[in-house]
Amino acid sequence: KALEALGDPTGTPLYERVLSILDSKDKIPQPRKIGPHLYNFWQDAANPRGLWRRTTFESYRTDAPQWEVVLDVDALGQAEGVSWVWGGHTLLDEGVGIAPTRTMVS
């Protein structure tokens with residue numbers, strides 16, 4: 001109904017501008033520290049469903065951080081024939097003073 005009422009935005013100048021921003025490789029990752037690693041969820045034109053990835057603090061501080069892919073949502077969907085969508089993750093709280101080592105992906 002929305003497309004009928006508002007029209008398809010695909011191909012409009014605003015749509016193309018927003019898409020180019022979202023697909024830009026010039027985005028600044030916003031990582032979260034979990035244990036010794038920094039984790040980040042990343043989407044771009046090559047990974048529209050996204051990659052959950054990690055790197056070390058030392059690597060993150062360089063001009064070209066070396067990211068390790070933890071979960072490739074596009075590859076998972078293709079392998080399982082399911083259109084998976086990243087819903088985030090929740091760290092397991094193992095108690096006071098205990099560093100989290102497990103997370104639930106949703």
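Treat the numbers as computed from the prediction; the structure is a model and nothing was measured.
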Exercise. Who are the ring pair (Phe, Tyr, Trp, His ring centres under 6.0 Å) partners of Y39, not counting sequence neighbours?
Worked result: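 Y39 satisfies ring pair (Phe, Tyr, Trp, His ring centres under 6.0 Å) with W52 only.
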Just verifying a value: how many Å separate [X] [atom1] and [Y] [atom2], rounded to the nearest 0.5 Å?
{"X": "H89", "Y": "T103", "atom1": "NE2", "atom2": "OG1", "answer": "5.0 Å"}
{"X": "W67", "Y": "L51", "atom1": "CH2", "atom2": "CG", "answer": "10.5 Å"}
{"X": "F41", "Y": "Q30", "atom1": "CZ", "atom2": "CD", "answer": "13.0 Å"}
{"X": "T12", "Y": "L19", "atom1": "OG1", "atom2": "CG", "answer": "10.0 Å"}
{"X": "Y60", "Y": "T55", "atom1": "OH", "atom2": "OG1", "answer": "9.5 Å"}

Exercise. Would a hydrophobic clustering, with Ile, Leu, Val, Met, Phe, Trp and Tyr connected at side-chain separations under 4.5 Å, put V105 with I34?
Worked result: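 Yes; tracing contacts between hydrophobic side chains, which count when under 4.5 Å, links both residues.
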Taking the side chain from [X] and the backbone from [Y], do they hold a donor-acceptor pair closer than 3.5 Å?
{"X": "N47", "Y": "R49", "result": "no"}
{"X": "E68", "Y": "R54", "result": "no"}
{"X": "S106", "Y": "G87", "result": "yes"}
{"X": "S59", "Y": "T56", "result": "no"}

Under 4.5 Å between any side-chain heavy atoms of [X] and [Y], yes or no?
{"X": "L91", "Y": "R32", "result": "yes"}
{"X": "W86", "Y": "L71", "result": "yes"}
{"X": "H37", "Y": "P31", "result": "no"}
{"X": "R53", "Y": "P29", "result": "yes"}

To check you understand the geometry: which heavy-atom pair defines the closest contact between [X] and [Y], and what is its length?
{"X": "P48", "Y": "A45", "value": "CD-O, 3.7 Å"}
{"X": "L92", "Y": "P100", "value": "O-CB, 3.7 Å"}
{"X": "V73", "Y": "V85", "value": "CG1-N, 4.4 Å"}

Exercise. Looking only at side chains, do E94 and T101 share a donor and an acceptor under 3.5 Å apart?
Worked result: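 Yes.
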